[in-house]
Amino acid sequence: MGPPPAVADVRRAVRHALGDLAPGSLVLVACSGGADSLALAAATGFAAPRAGLRAGLVTVDHGLQEGSAARAADVVRLAHALGLDPAEARAVRVGTAGGPEAAAREARYGALAEAAERLGAAAVLLGHTRDDQAETVLLRLARGSGTRSLAGMPARAGLYRRPFLELGRRTTAAACAALGLAPWEDPHNVDDRYARVRVRRRLLPALEEELGPGVTEALARTASLCRDDADALDGWADEVYARAAVADCALSDIGGVALAVPELEKAPAAVRRRVLRRAAVEAGSPPGTLAAGHVLRIDGLVTGWRGQRRVEVPGGIGVVRRYGTLVFARQPASPAS
């Protein structure tokens with residue numbers, strides 16, 4: 001007799017996510033102790049050795065709640081029982097930039113990246129589910145984000161892999177129950193001060209009630225379709241960027257970027273704005289705070305040129321049009337011509 005359906009589902013998802021790793025590679029599970037990451041840890045502890053891989057665990061202690069260090073230690077002890085070794089807790093200090101959620105995320109990913117490099121991990125597994133994907137799409141839709149943002153979280157992005165993006169939270173909770181695992185319920189997950197919590201507890205249930213069941217699945221499917229479109233447009237934008245880039249030694253020395261306006265004018269808006277966003281990021285604008293509105297203002301220097309002054313974007317980057325060239329740099333720009 002095989003395992004319960006939910007257990008089989010999470011194990012199958014992990015096997016698929018690990019399928020291309022070389023034998024002997026180390027894969028780390030990022031585990032908070034919640035149902036999603038706990039099911040991921042258990043499934044990885046089962047599937048990784050059978051695929052000829054080593055599996056470990058990292059839990060991040062954000063220090064935001066009383067007793068967080070003790071809970072992190074409990075997760076490490078459980079990891080060994082699940083066959084995950086090495087297993088460690090990483091304490092971080094959470095800043096304030098970008099708000100509490102963004103600051104905690106930045107600290108968490110920094111700790112995961114450090115642990116992966118130090119331990120020589122080939123991949124880090126994250127427990128995001130289809131429900132998380134739907135919440136992400138709604139949040140970004142409300143912020144007026146473009147196709148790339150609406151594509152949601154990728155199943156793979158560099159070191160990180162998300163095996164559960166096609167599984168719902170009910171499946172991970174059922175897997176934990178079937179395996180006798182007791183997930184920790186983070187109080188932040190029911191704190192309505194956080195936008196994601198309000199989406200989860202109020203907005204999505206309201207949409208399901210008014211529009212019928214299947215909204216979560218539809219939003220996740222929309223993310224997948226948007227990702228296909230965004231990938232194609234990004235490839236096109238790469239080609240335009242290569243043609244538009246202007247070599248400038250003085251700019252290169254300070255990390256600046258210059259683009260030829262005539263090449264930008266030839267590109268469709270969706271492609272051109274991707275090029276402009278990439279240039280701003282490469283010049284030093286943080287991608288997490290560079291919004292669509294910033295890119296639209298830069299785009300106005302191409303499509304609605306009337307001698308405008310410098311456009312300021314996050315990171316202290318200024319963009320100015322000068323002699324048929326857009327210049328992205330931190331240094332003060334000379335008057336436009």
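Values below: all heavy atoms of this structure, side chains included; hydrogens, waters and symmetry mates excluded.
- Nearest heavy-atom pair, L82 versus A41, reported as atom, atom and distance to 0.1 Å: CD1-CB, 4.1 Å.
- Residues R274 and D234 meet the side-chain proximity criterion, which asks for heavy atoms closer than 4.5 Å.
- Within the 4.5 Å cutoff, no side-chain heavy atoms of L150 are placed close to those of T222.
- In the hydrophobic clustering of this structure, L78 does not group with V76; members are Ile, Leu, Val, Met, Phe, Trp, Tyr whose side-chain heavy atoms approach within less than 4.5 Å, directly or through other members.
- Contact check for R54 versus L119: no side-chain heavy atoms found under the 4.5 Å cut-off.
- Remark: R12 engages D9 in a salt bridge, criterion side-chain N to carboxylate O under 4.0 Å.
- R273 contributes no side-chain N or O that, together with a main-chain N or O of L296, makes up a donor-acceptor pair within less than 3.5 Å.
- Distance check, rounded to the nearest 0.5 Å: CZ of R90 to CZ of R118 gives 4.5 Å.
- Residues forming a side chain to side chain donor-acceptor pair (under 3.5 Å) with H62 (at least two apart in sequence, or on another chain): R108.
- V10 and L165 fall into different hydrophobic clusters, where Ile, Leu, Val, Met, Phe, Trp and Tyr are joined by side-chain heavy atoms under 4.5 Å apart, directly or via other members.
- Taking CG from L57 and CD from E88, the interatomic distance works out to 9.0 Å, rounded to the nearest 0.5 Å.
- Looking at R156, its side chain does come within 3.5 Å of a backbone N or O of A17 through a donor-acceptor pair.
- Residues L326 and V257 share a single hydrophobic cluster, defined by chaining ILVMFWY side chains whose heavy atoms lie under 4.5 Å apart.
- Atoms CZ and OG1, on R130 and T172 in that order, are 10.5 Å from each other to the nearest 0.5 Å.
- Remark: side-chain polar atoms of R272 are not paired, donor with acceptor, to backbone N or O of V240 under 3.5 angstrom.
- For D238 and R278, the salt-bridge test passes: some basic side-chain N is under 4.0 Å from an acidic carboxylate O.
- Checking M153, R221, R162 one by one against Q133, the side chain to side chain contact (heavy atoms under 4.5 Å, CB included) holds for a single residue, M153.
- When hydrophobic clusters are built by joining Ile, Leu, Val, Met, Phe, Trp and Tyr residues whose side-chain heavy atoms come closer than 4.5 Å, directly or via intermediates, Y109 is not grouped with F164.
- Checked by atom type and distance alone, the side chain of R15 never pairs as donor or acceptor with a backbone atom of A47 at under 3.5 Å.
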Could you list the donor-acceptor pairs under 3.5 angstrom formed by side chains in residues 262-271, with sequence neighbours left out?
from, atom 1, to, atom 2, distance (Å)
E263, OE2, K266, NZ, 3.4

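- The two residues A122 and L21 make their nearest non-hydrogen contact at CB-CD2, 4.2 Å.
- Nearest approach of A30 to L126, heavy atoms of both residues: CB-CD2, 3.7 Å.
- Annotation: side chain of L203 is not in contact with side chain of R198 (no heavy-atom distance under 4.5 Å).
- Within a 6.0 Å radius of CD in E106, other residues, nucleotides and ligands contribute 12 heavy atoms or fewer.
- Under the 4.0 Å criterion applied to side-chain N and carboxylate O atoms, R169 and D132 are assigned as salt-bridge partners.
- Inter-residue side-chain proximity for D131 and R170 is flagged as unmet; no heavy-atom pair is nearer than 4.5 Å.
- Of all non-hydrogen atoms in L167 and T129, the two that sit nearest each other are O-CB, 3.3 Å.
- Grouping the Ile, Leu, Val, Met, Phe, Trp and Tyr side chains by contacts below 4.5 angstrom, directly or via other members, places V29 apart from V75.
- The shortest distance between side-chain heavy atoms of L276 and L259 falls below 4.5 Å.
- Under the 3.5 Å distance criterion, the side-chain polar atoms of T59 are matched with a main-chain donor or acceptor of C31.
- Side chain of R330 to backbone of G316: no donor-acceptor contact under 3.5 angstrom is found.
- A distance of 9.0 Å separates CG in L38 from CG in L179, rounded to the nearest 0.5 Å.
- A distance of 10.5 Å separates CD1 in I298 from CD in E312, rounded to the nearest 0.5 Å.
- A distance of 10.0 Å separates CD1 in I317 from CG in L290, rounded to the nearest 0.5 Å.
- Formation of a donor-acceptor pair under 3.5 Å by the T216 side chain with backbone atoms of A134 is not found in this model.
- The two residues A35 and P183 come nearest to each other via the heavy atoms N-CB, 3.5 Å.
- S25 has its side chain out of reach of L18: every pair of non-hydrogen atoms, C-beta onward, lies at least 4.5 Å apart.
- The residues D192 and R202 are annotated as salt-bridged, a charged nitrogen and a carboxylate oxygen being separated by less than 4.0 angstrom.
- Between A13 and P163, the shortest heavy-atom distance links the atoms CB-O, 3.5 Å.
- Heavy-atom neighbours of H16 NE2 from other residues, nucleotides or ligands within 6.0 Å: at or below the threshold of 12.
- Two residues are said to be in side-chain contact when any heavy atoms from C-beta on lie closer than 4.5 Å; Y160 and L112 meet this criterion.
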